[in-house]
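Chain letters run A, B, ... following the sequence lines, proteins first, then strands; residues in each count from 1.
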Number of protein chains: 2
Amino acid sequence: MQLNPKTQDFVERVGLALENLGTTRTLGRLFGLLLVADQPMSLDELARLLQVSKASVSTNARVCVQIGLAQQVGIPGDRRDYYEISPGSFEQAVAARLSAIRELVGLAEAGISAVDEDNRVATARLEEMRDFYQFVGDEMAKMMPRWRETRKPVNSRKRQR
Amino acid sequence: MQLNPKTQDFVERVGLALENLGTTRTLGRLFGLLLVADQPMSLDELARLLQVSKASVSTNARVCVQIGLAQQVGIPGDRRDYYEISPGSFEQAVAARLSAIRELVGLAEAGISAVDEDNRVATARLEEMRDFYQFVGDEMAKMMPRWRETRKPVNSRKRQR
DNA sequence: TGAAACATTCAATACATACTTAACGTAGTG
DNA sequence: CACTACGTTAAGTATGTATTGAATGTTTCA
């Protein structure tokens, strides 16, 4: 496989975007490459196309799998490791954000019990923080099933499988 | 003003949390300190309580203001700069996430036009990515007014101002 | 058994960047 | 006008960490 300039640009943009979202650039590039791949890719192929060391791909691919962005897939008669985008990767990414938000609720509660009782302004602020992130977390959790709903076929006769 | 151990811990936890969310730890600590403050704080005071240089506070406070987390406030008869949490800071933080999500929609579209037409699997994947983040972005945008709705007083007779 | 093809691990390097110190600019104040 | 108080800027340092190259471990195959 070979990368044309446009996909090269795309991979690079994904790298930057994911880096800004808290991952490393190489991991972002790896994810971007898997996004445009038409089939699972081996470590060597990934390393060659990304122009990074095999070691880096190894660790980054592992991380991708751990956080649910990619999955390992075997190919019969081949002992190499192949990777592809995992089916729920986008939902997974949002789920990770969700747990970060839940953490903020806990933080706000810790803050409330940390400040002096007579510090009304801080208490009110932290209560709003708690309520806000509680609200956002709940709403995001409710969002996901709704998304899956939109993916279902509109006509039950067309149901596959 | 002085920090008791519990608020010290809180500030530190906020520092870690915000660092994990992509800011620097010091900025997170600064934000955490402002969260528990009972009044606007000067640069010197912030530097003393956080035990960092005034220069660091200066730049970090400026960043906080730029991204809508804090605001500068003046005190009559005092030429120092004072800072406090800005009213819409939490909503603002979510809004920043929202624009990152919108960026992902654009990325997916760029990907779609980058891959070969006969690469069905990648095209389908990128279309799902586009639709998904479009959905999430829209839902998050709709979330915010709903949140403000919950803040309104239930009884119109209690309306303040 | 040896060699080849893999993936992983580890120490060393390279790189990015946040922070500090010091210098600077500016505006009040005596 | 000097002096102080204050905030910002800029160069240098320090720190964390991602990547590399080499070594290691495993499996397959001749």
Side-chain angles (χ1 to χ4, degrees), chain A residues 1 11-34 39-67 69-84, chain B residues 1 11-34 39-67 69-84:
Chain A
M1 190 181 178
V11 169
E12 216 55 36
R13 278 188 64 186
V14 177
L16 269 304
L18 284 242
E19 185 179 23
N20 287 334
L21 261 57
T23 75
T24 68
R25 190 178 305 186
T26 306
L27 189 145
R29 284 194 269 235
L30 172 55
F31 185 73
L33 179 51
L34 291 179
Q39 52 182 308
M41 304 189 76
S42 71
L43 285 183
D44 277 318
E45 211 169 0
L46 291 166
R48 180 176 59 84
L49 291 173
L50 293 175
Q51 301 176 67
V52 296
S53 72
K54 200 172 36 172
S56 179
V57 174
S58 177
T59 57
N60 279 304
R62 166 181 294 254
V63 172
C64 276
V65 170
Q66 281 175 344
I67 62 183
L69 257 43
Q71 65 185 5
Q72 212 173 344
V73 45
I75 291 187
D78 194 331
R79 59 197 178 91
R80 274 174 291 187
D81 292 348
Y82 285 86
Y83 293 91
E84 66 180 7
Chain B
M1 190 180 176
V11 168
E12 216 56 36
R13 278 188 63 186
V14 176
L16 268 304
L18 284 243
E19 185 179 23
N20 288 333
L21 260 58
T23 75
T24 68
R25 191 179 304 187
T26 306
L27 188 145
R29 284 194 270 235
L30 172 56
F31 185 74
L33 179 51
L34 291 179
Q39 51 182 311
M41 304 190 77
S42 71
L43 284 184
D44 277 318
E45 210 168 0
L46 291 166
R48 180 176 59 84
L49 291 173
L50 294 176
Q51 302 176 68
V52 296
S53 71
K54 197 173 37 172
S56 179
V57 174
S58 176
T59 56
N60 279 304
R62 165 181 294 254
V63 172
C64 277
V65 171
Q66 280 175 344
I67 62 183
L69 257 42
Q71 66 186 4
Q72 212 173 342
V73 46
I75 291 186
D78 194 331
R79 60 196 177 93
R80 275 173 290 187
D81 292 348
Y82 286 85
Y83 293 92
E84 66 181 7

**Student:** Quick one: label A:Thr24 by what it contacts on the DNA or RNA (base, sugar-phosphate, nothing), any heavy atom closer than 4.0 Å.
**Tutor:**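 The residue A:Thr24 makes sugar-phosphate contact but no base contact.
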**Student:** Determine, step by step, whether B:Leu69 and B:Val63 satisfy the side chain to side chain contact (heavy atoms under 4.5 Å, CB included) criterion, reporting the C-alpha distance in whole Å, the side-chain angles of both residues, the deciding distance to 0.1 Å, and the verdict.
**Tutor:** CA-CA 9 Å; B:Leu69 257 42; B:Val63 172; over 6 Å; no
**Student:** Using atom CG of B:Asn60 as one end and atom P of C:dA18 as the other, report the distance to the nearest whole Å.
**Tutor:**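 Nearest whole value for this atom pair: 9 Å.
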**Student:** Measure from CZ on A:Arg25 to C1' on D:dT20 and round the result to the nearest Å.
**Tutor:**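 Spelled out: CZ on A:Arg25 to C1' on D:dT20 is 17 Å.
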**Student:** With side chain to side chain contact (heavy atoms under 4.5 Å, CB included) as the test, would you mind laying out the steps for B:Arg25 and B:Leu16 before giving the verdict?
**Tutor:** CA-CA 6 Å; B:Arg25 191 179 304 187; B:Leu16 268 304; 4.1 Å; yes
**Student:** Rounded to the nearest Å, what distance is computed from the CE atom of residue B:Met41 to the C1' atom of nucleotide D:dG7?
**Tutor:**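 Spelled out: CE on B:Met41 to C1' on D:dG7 is 17 Å.
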**Student:** How long is the line joining CD of B:Glu19 and P of C:dT17, in whole Å?
**Tutor:**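 Distance, rounded to whole Å: 14 Å.
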**Student:** Kindly indicate whether the side chain of A:Asp44, heavy atoms from C-beta on, has any atom under 4.5 Å from the side chain of A:Val57.
**Tutor:** no
**Student:** Start with the C-alpha gap between B:Leu50 and B:Val11, add the side-chain angles, then the distance that decides, and say whether side chain to side chain contact (heavy atoms under 4.5 Å, CB included) holds.
**Tutor:** CA-CA 9 Å; B:Leu50 294 176; B:Val11 168; 4.1 Å; yes
**Student:** Could you check A:Asn60 against A:Phe31 for side chain to side chain contact (heavy atoms under 4.5 Å, CB included), going step by step and ending with a plain yes or no?
**Tutor:** CA-CA 9 Å; A:Asn60 279 304; A:Phe31 185 73; over 6 Å; no
**Student:** Provide the closest heavy-atom pair for B:Val65 versus B:Tyr83 in the form atom of the first, atom of the second, distance.
**Tutor:** CG2-CE2, 3.7 Å
**Student:** Could you state the atom-to-atom distance from CG of B:Leu30 to P of C:dA18 in whole Å?
**Tutor:** 14 Å
**Student:** According to a strict under-4.0 Å criterion, is A:Ser56 in side-chain N/O contact with OP1 or OP2 of D:dT20?
**Tutor:**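 For D:dT20, OP1 or OP2 has a side-chain N or O of A:Ser56 closer than 4.0 Å.
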**Student:** What does nucleotides 1-10 of chain C look like as a protein-contact string, B for base, S for sugar-phosphate only, - for none, at under 4.0 angstrom between heavy atoms?
**Tutor:** ----BSBSB-
